[in-house]
K.L.:
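Got a structure for you, questions after.
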Amino acid sequence: AHALRKENKDNIKYALYQLLVKLTGRTLPWGNLTGIRPAKLAMGMIESGMKNTEAAREMRERYLVSPQKTALAITIANREREILKDIDYENGYSLYVGIPFCPSICLYCSFSSYPLKQWKDRVYLYLDALCKEIHAVAQIMNEKGKKLDTVYIGGGTPTTLEPDQLKILLDALIANFDCEHLAEFTIEAGRPDSITEEKLKVLASHGISRISINPQTMNQKTLDLIGRRHTVENVKEKFHIARELGFDNINMDLIMGLPGEDLDDVKHTLEEIEALKPDSLTVHSLAIKRAARLNMFKEEYADLKINNTPEMIALSEACARRMGMEPYYLYRQKNMAGNFENVGYSLPGKACIYNILIMEEMQTIAACGAGTTTKVVFPSENRRERCENVKEVEQYISRIDEMIGRKEKIIH
């Protein structure tokens, strides 16, 4: 019955897409695919024994994906298989830790994040609750004999924490988990205005292997407009400090289709990035969620053009390739400018394993912190269970025991 339902749905989507192509004279790069994980589809086909050429034909003919995007999805599926070949889905798991504070909130953001100013005094209370949850998760996982593969600290902006607060968090992780044998230990230092040399030293001394320094754009006028309170020079300066401290796996995020940017602006950003030579580059297509300020205050921003073109996407890909990077991960979101995708590119050996794990949903990801979601995979039964933590920081602090209880129940 399930297979039949899927086939009916595919047939209806196919017919509807063809009709819309006729009516509008336009095709979409991803054809009639509506999900957020195109590489997962390709991966499934390849795992089931199909050759690359067969999987590609299926994507083009059944889902009407363009030849370029088909090639991208197949390439990435194969690279993912290669990167994940030593990851244990049955006994391994990953850990996500969420820090929901930022220096200021960006115009396009819809994450659960709070401007730090209002929260200064309560950050320690948040950390207390978080450390309690970290301790509990470690105990639950140890009892089940699970081994931790990767840790990813995201947000918000984890580096809004002061050096001593970062130390509290990282000490708690190291005390509770075996962090010596991790395949990867990432922390987002996303906002250059949150990074200091002292904070980077704390990260270095705690064995963080991968960091993210995210300019989003290297055009000052856009940075000012989107509410990122840092300068282009800031980005370069913080990047160089991180390199000097020995960080050899630095990712940078860019967003294509930011308000008011044209092809020349994108070119300029890419030239600046190429000069810095990061180890990986994640290129996002702007997706405007309902909750973003850009949507909530439409009138104020009405005259801003949002342009994301195939040329911009192609330029970013060419730039990554010139730096010696290959695409390794891919996802799509609703409401994406131009109906494109987000792609991660990396140098050999510098791909973010956690990013792939979260896309492929093959491994349990335990998540600690406000607004995070734990996803437990039961491989033998081919089922997945989710459990969410409350978003509000106040609620999270006061209901931490309940959050821990939810996890115990779902994991056991």
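Keep in mind that what you see is a predicted model, and the values were worked out from it rather than measured. Quick note: numbers below take in every heavy atom, side chains included, and nothing from hydrogens, waters or symmetry partners.
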K.L.:
Are any side-chain N or O atoms of Glu197 and backbone N or O atoms of Ile241, one a donor and one an acceptor, separated by less than 3.5 Å?
P.N.:
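No, because the side chain of Glu197 does not come within donor-acceptor range (under 3.5 Å) of the backbone of Ile241.
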
K.L.:
Does the distance from a Lys or Arg side-chain N to an Asp or Glu carboxylate O, for Asp193 and Lys238, drop under 4.0 Å?
P.N.:
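So Asp193 does not pair with Lys238 through a salt bridge.
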
K.L.:
Could you pull out the closest heavy-atom pair between Lys132 and Ile400, with the gap in Å?
P.N.:
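Nearest pair, atom of Lys132 first, then Ile400: CD-CG2, 4.1 Å.
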
K.L.:
Within a strict 4.5 Å, meaning less than it, do heavy atoms of the Met323 and Leu281 side chains meet?
P.N.:
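Counting from C-beta outward, Met323 and Leu281 do come under 4.5 Å.
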
K.L.:
Specify the closest pair of heavy atoms between Ile153 and Leu170, including all atoms of both residues, with the distance to one decimal.
P.N.:
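What the structure gives for the nearest pair is CD1-CD2, 3.7 Å.
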
K.L.:
Would you confirm whether Lys147, through its side chain, and Asn142, through its main-chain N or O, come within 3.5 Å as a donor-acceptor pair?
P.N.:
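Here the side-chain-to-backbone pair does not exist.
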
K.L.:
With no hydrogens and no angle check, do the side chains of Arg191 and Ser104 hold a donor and an acceptor under 3.5 Å apart?
P.N.:
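Checked: Arg191/Ser104 side chains pair up, N/O donor to acceptor below 3.5 Å.
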
K.L.:
Under the salt bridge (charged side-chain N to carboxylate O under 4.0 Å, His left out) definition, can you give me all pairs with a residue in residues 341-359, not counting sequence neighbours?
P.N.:
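As it turns out, the salt bridge (charged side-chain N to carboxylate O under 4.0 Å, His left out) pairs with a partner in residues 341-359, which skip direct neighbours, are Lys69-Glu341, Asp248-Lys350.
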
K.L.:
Enumerate donor-acceptor pairs with a distance under 3.5 Å from any side-chain N or O in residues 52-60 to protein atoms, sequence neighbours excluded.
P.N.:
{"unit_1": "Asn52", "atom_1": "OD1", "unit_2": "Asn78", "atom_2": "ND2", "d": "3.1"}
{"unit_1": "Glu54", "atom_1": "OE1", "unit_2": "Lys51", "atom_2": "N", "d": "2.8"}
{"unit_1": "Glu58", "atom_1": "OE2", "unit_2": "Arg62", "atom_2": "NH1", "d": "2.8"}

K.L.:
If we ignore hydrogens and angles and just use 3.5 Å, is the side chain of Tyr152 paired with the main-chain N or O of Leu95 as donor and acceptor?
P.N.:
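Checking the backbone N and O of Leu95 against the side chain of Tyr152, no donor-acceptor pair under 3.5 Å is found.
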
K.L.:
Would you indicate whether Arg26, at its atom CZ, is surrounded by more than 12 heavy atoms from other residues, nucleotides or ligands within a distance under 6.0 Å?
P.N.:
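Counting neighbours around CZ of Arg26, 12 or fewer heavy atoms of other residues, nucleotides or ligands fall under 6.0 Å, so no.
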
K.L.:
With the threshold set at 4.0 Å, does a side-chain nitrogen-carboxylate oxygen contact exist between Glu385 and Lys375?
P.N.:
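Result for this pair is no, no salt bridge flagged.
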
K.L.:
Distance only, no hydrogens: is a donor on one side chain within 3.5 Å (strictly under) of an acceptor on the other, for Ser346 and Ser280?
P.N.:
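No donor-acceptor contact under 3.5 Å links the two side chains.
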
K.L.:
Kindly say whether Thr373 contributes a backbone atom to a donor-acceptor pair with the side chain of Arg386 at under 3.5 angstrom?
P.N.:
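Absent.
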
K.L.:
For Thr157 and Glu188, run side chain to side chain contact (heavy atoms under 4.5 Å, CB included): C-alpha distance rounded to whole Å, both residues' side-chain angles, the deciding distance at 0.1 Å, then the answer.
P.N.:
CA-CA 7 Å; Thr157 308; Glu188 286 178 9; over 6 Å; no

K.L.:
So, Asn342 and Tyr331: side-chain donor and acceptor under 3.5 Å apart, yes or no?
P.N.:
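Distance-only check passes for Asn342 and Tyr331.
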
K.L.:
Looking only at heavy atoms, what is the nearest atom pair of Asn355 and Arg210, with distance?
P.N.:
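That closest heavy-atom pairing would be ND2-NH2, 4.3 Å.
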
K.L.:
Grab the two heavy atoms, one from Ala320 and one from Tyr345, that are nearest each other, plus how far apart they are.
P.N.:
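Shortest heavy-atom contact: CB-CG, 3.5 Å.
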
K.L.:
Taking atom CD of Gln220 as the centre, does the number of heavy atoms from other residues, nucleotides or ligands within less than 6.0 Å exceed 12?
P.N.:
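Yes, CD of Gln220 has more than 12 neighbouring heavy atoms, counting only those of other groups under 6.0 Å.
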
K.L.:
When you check the side-chain N and O atoms of Glu261 and Asn308, is any donor under 3.5 Å from an acceptor?
P.N.:
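No, no side-chain donor-acceptor contact under 3.5 Å.
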
K.L.:
Does the side chain of His181 pick up a donor-acceptor pair with the side chain of Asp178 at under 3.5 Å?
P.N.:
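Their side chains do contain a donor-acceptor pair, which is all the 3.5 Å distance test asks for.
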
K.L.:
With a 4.5 Å cut-off on side-chain heavy atoms, are Tyr96 and Ile358 touching?
P.N.:
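They are not in contact (no side-chain heavy atoms under 4.5 Å apart), so the answer is no.
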
K.L.:
Taking Asn234 for the side chain and His230 for the main chain, is one N or O donor matched with an acceptor at less than 3.5 Å?
P.N.:
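Looks like no, no N/O pair under 3.5 Å.
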
K.L.:
Would one find more than 12 heavy atoms of other residues, nucleotides or ligands at under 6.0 Å from atom CZ of Arg406?
P.N.:
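Enclosed: over 12 neighbouring heavy atoms sit under 6.0 Å from CZ of Arg406.
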
K.L.:
Report yes if some heavy atom in the side chain of Lys144 is under 4.5 Å from a heavy atom in the side chain of Ile411; otherwise report no.
P.N.:
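With C-beta onward as the side chain, the pair touches.
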
K.L.:
Counting only heavy atoms not in Lys221 (residues, nucleotides, ligands), do more than 12 fall under 6.0 Å from its NZ?
P.N.:
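More than 12 heavy atoms, drawn from other residues, nucleotides or ligands, come within 6.0 Å of this atom.
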
K.L.:
Verify, without hydrogens or angle tests, whether Thr160 (side chain) and Pro103 (backbone) share a donor-acceptor contact under 3.5 angstrom.
P.N.:
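Not a single qualifying donor-acceptor pair exists.
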
K.L.:
Over all heavy atoms of both residues, which pair between Arg332 and Gly35 is shortest? Give the atoms and the distance, please.
P.N.:
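Heavy-atom minimum between the residues: NH1-O, 3.7 Å.
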
K.L.:
Examine the side chains of Asn251 and Asn249 and answer whether a donor and an acceptor come within less than 3.5 Å of each other.
P.N.:
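Absent: no donor and acceptor within the cut-off.
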
K.L.:
Between Glu311 and Thr309, is the side chain to side chain donor-acceptor pair (under 3.5 Å) condition met? List the steps.
P.N.:
CA-CA 5 Å; Glu311 289 79 26; Thr309 62; 3.2 Å; yes

K.L.:
Does the side chain of Ile250 come within less than 4.5 Å of Phe239's, by heavy atoms?
P.N.:
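With C-beta onward as the side chain, the pair touches.
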
K.L.:
Just wondering, are more than 12 heavy atoms of other shown residues or ligands nearer than 6.0 Å to CD in Glu381?
P.N.:
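Yes, because the 6.0 Å sphere around CD of Glu381 holds more than 12 heavy atoms from other groups.
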
K.L.:
Does Arg243 use its side chain to pair, donor to acceptor, with the backbone of Phe247 at less than 3.5 Å?
P.N.:
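Judged by distance alone, yes, a pair lies under 3.5 Å.
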
K.L.:
Under 6.0 Å between the ring centres of Tyr124 and Tyr126?
P.N.:
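For Tyr124 and Tyr126, the ring centres are not under 6.0 Å apart.
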
K.L.:
Verify the distance criterion only: is there a donor paired with an acceptor across the side chains of Glu272 and His268 at less than 3.5 Å?
P.N.:
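Per modelled atom types, Glu272 and His268 side chains form a pair under 3.5 Å.
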
K.L.:
Judged by modelled atom types alone, do Gln216 and Asp253 share a side-chain donor-acceptor pair under 3.5 Å?
P.N.:
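No - no donor-acceptor pair under 3.5 Å links their side chains.
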
K.L.:
Within the side chain of Asn176, is there an N or O that forms a donor-acceptor pair under 3.5 Å with the backbone of Leu173?
P.N.:
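Answer holds: no.
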
K.L.:
Between Ile211 and Thr186, is any pair of side-chain heavy atoms under 4.5 Å apart?
P.N.:
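No, too far: nothing below the 4.5 Å cut-off.
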
K.L.:
Indicate yes or no: at least one non-hydrogen side-chain atom of Leu315 is less than 4.5 angstrom from one of Leu263.
P.N.:
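In short, these two side chains touch, coming nearer than 4.5 Å.
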
